[in-house]
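What follows is a single structure, written as structure tokens, with notes after it.
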Amino acid sequence: MDRLLQIIGFGPAALGLFIAADRERQLPALLSLGIDVHERSPSVAQWDCLAYDIQANSPIQDFLQGIRPDGAFAECLRQSEVRDWLQDPSRILQLESISAFLRQLAQVVIAVCADHPATSVTFGRRVDAVQASDSGFICQGNWGRSFSRYLVLACGARGRPLQLTCADLRQTVERHWPTPLCSDGVLRGQADAQLRDAVGQGRQILVLGGSHSAFSTVEYLLRRLGSELAPRSLHVLCRKRPGLWQVPGTPASQLLPDDVVDTVSGEVNRFRGLRGKARQTLLEVESGRQPAVVLHVGEPDLEPWRLAAPLLINATGYEPRMPELRDSLGQPMALDTWQDNHRKHPLTHELTSNGQPIRGLFGTGLGFADQQGATIEVGVNFFHGRCANNILKAVL
Ligand SMILES: Cc1cc2nc3c(=O)[nH]c(=O)nc-3n(C[C@H](O)[C@H](O)[C@H](O)COP(=O)(O)OP(=O)(O)OC[C@H]3O[C@@H](n4cnc5c(N)ncnc54)[C@H](O)[C@@H]3O)c2cc1C
């Protein structure tokens, strides 16, 4: 059956569309349009977005603030644990708790869809390719194909392969670390045994990267392996010292040249700064309170590490996870990007190719950041930010 809208991915960003529609009291209108949500994970029970054993980089209010208290998701807000969160919305929680809460929101969406025969969320359905046509988009996979007038890409991102521009460095890594660990798996607890073995054998650990993921990885390793780590056994290699999140109103005299003050909230480095335990870990390392950790700031040089063969963890960031996109002539369609994120047209909010909006094609979530002045808004604005509202306005 043809639908008005298809959404690829049913992660937090896709949930944000339903939450925004409920907030605007337009959820029934949205559901009656006919929506096909394609989610590649096998079932809602295996839905594990954000299930990392680390602190969130944003307060819980960023997840709760956009949910209408008397709307479709009200039951989720009424649980005693969530009522506690609402009492102290500035709290920073473990992402595993947030992930479990988001899974409940996903279950609500599935339940409300059941009352609207034209709308469905299908698990175990990976979209491999998208073909644009004059009247819409065809999504395809090994399950078949389906057509809609509008398409929202909400496929998230995956760990970026190491980007080594220097040929010597690339060769060194390919030869000595053909399969580095990825911070994503480490933070999901999938590499604990391997890490313990390595540390038990006296091997050092190298973390490459300077993002929230990198310092969350260091915090995770200190927490999990703390007493097993020898002094100077965990090395962090980052190109430049990461910026720190700071409260609104931080005096200009305390800002560093690269710090960005968010025009909406007044926070410093709102979208890219280290917060919570990741921030605290960096400060502890810099002040010598974490003797196991050594921080190396500058262009990474792995040559000196070759002989010692430490375990390498790639925490250099994420890249958008995209199905293959083709235009109406069947040619590959390249989306415009800016600072690793897909660009949106400032007026129509559609994704663009060669500077032109692609009619009916939207993106939300990781990899599809909104731009506010010089600020790239990533990660924390799906539920209450403008992105979901802009998409709804276009399709409703
Ligand atoms: C270590 C770490 C910590 C983070 N901490 C925070 C935080 O504290 N706060 C915050 O707001 N954000 C945080 N983020 C960013 C976070 O990942 C996003 O906020 C959120 O998960 C993004 O949601 P999303 O829906 O865009 O992507 P994802 O969570 O990646 O979800 C995408 C969904 O699309 C599905 N999918 C992908 N491709 C296809 C396809 N081809 N066909 C069908 N389905 C597909 C996936 O299975 C998945 O369910 C963190 C990220 C990382 C890596």
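Each ligand, and each atom within it, is numbered from 1 in the order the structure gives.
For the pair Arg40 and ligand 1, the shortest N or O to N or O distance falls below 3.5 Å. Where the criterion is an N or O separation shorter than 3.5 Å, residue side chain and backbone included, Leu187 fails it with respect to ligand 1. Note: no N/O pair closer than 3.5 Å links Asp184 and ligand 1 by distance alone.
The closest approach between any non-hydrogen atom of Phe63 and ligand 1 is below 4.0 Å. Residue contact annotation: Arg125 has a non-hydrogen atom under 4.0 Å from ligand 1.
When each of Phe63, Phe73, Trp85, Trp47 is paired with Phe101, the ring pair (Phe, Tyr, Trp, His ring centres under 6.0 Å) condition holds for Trp85 and for no other.
Val247 shares a hydrophobic cluster with Trp245; the chain of contacts runs through ILVMFWY side chains whose heavy atoms sit under 4.5 Å apart.
Taking every heavy atom of Arg126 and a limit of under 4.0 angstrom, the matching atoms of ligand 1 come to 40 (C), 41 (N), 42 (N), 43 (C). Numbered from 1 in the order shown, with element, the atoms of ligand 1 that lie under 4.0 Å from a heavy atom of Tyr318 read 53 (C). For ligand 1, the atoms lying closer than 4.0 Å to a non-hydrogen atom of Ala154 are 32 (C), 33 (C), 34 (O). Residue Ala56 approaches ligand 1 through these ligand atoms, each under 4.0 Å from one of its heavy atoms: 8 (O). Residue Ala13 approaches ligand 1 through these ligand atoms, each under 4.0 Å from one of its heavy atoms: 23 (O), 24 (P), 25 (O), 26 (O). The ligand atoms of ligand 1 that sit less than 4.0 angstrom from a heavy atom of Tyr52 are 1 (C), 2 (C), 52 (C), 53 (C). When each atom of ligand 1 is checked for a heavy atom of Ser213 under 4.0 Å away, the hits are 1 (C).
Contacts between Glu39 and ligand 1, counted as non-hydrogen atom pairs separated by less than 4.0 Å, involve both the backbone and the side chain.
Between Thr364, Leu15, Leu50, it is Leu50 that holds the heavy atom closest to atom 50 (C) of ligand 1. Nearest residue to atom 3 (C) of ligand 1 from Val130, Leu95, Ile8, Asn57 is Leu95 (criterion: closest heavy atom). If you check each of Asp62, Val127, Asp53 against atom 42 (N) of ligand 1, the one with the closest non-hydrogen atom is Val127. Taking only non-hydrogen atoms, the option from Gly365, Ser58, Pro12, Gly156 nearest to atom 29 (O) of ligand 1 is Pro12.
Heavy atoms only, all atoms of each residue included: Ser216 and Ala278 are closest at OG-CB, 3.9 Å.
For the residue pair Asp53/Gln94, the side-chain donor-acceptor check at 3.5 Å is satisfied. No donor-acceptor contact under 3.5 angstrom links the side chains of Ser353 and Asp336, judged on distance only. Between the side chains of Gln79 and Gln104, a donor-acceptor pair is found at a separation under 3.5 Å. A donor atom on one side chain and an acceptor atom on the other are not found under 3.5 Å apart for Glu284 and Thr281. Side chains of Asn354 and Thr352: no donor on one and acceptor on the other come within 3.5 Å.
Proximity of Tyr220 to Asp192: side-chain heavy atoms (C-beta onward) are separated by under 4.5 Å at one or more points.
Within a 6.0 Å sphere centred on CZ of Arg149, heavy atoms belonging to other residues, nucleotides or ligands number 12 at most.
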- Message: Please determine whether side-chain contact (heavy atoms from CB on, under 4.5 Å) holds for the pair Arg125 and Asp36, giving the CA-CA distance in whole Å, both sets of side-chain angles, and the decisive distance to 0.1 Å.
- Response: CA-CA 11 Å; Arg125 189 186 265 192; Asp36 239 345; 4.1 Å; yes

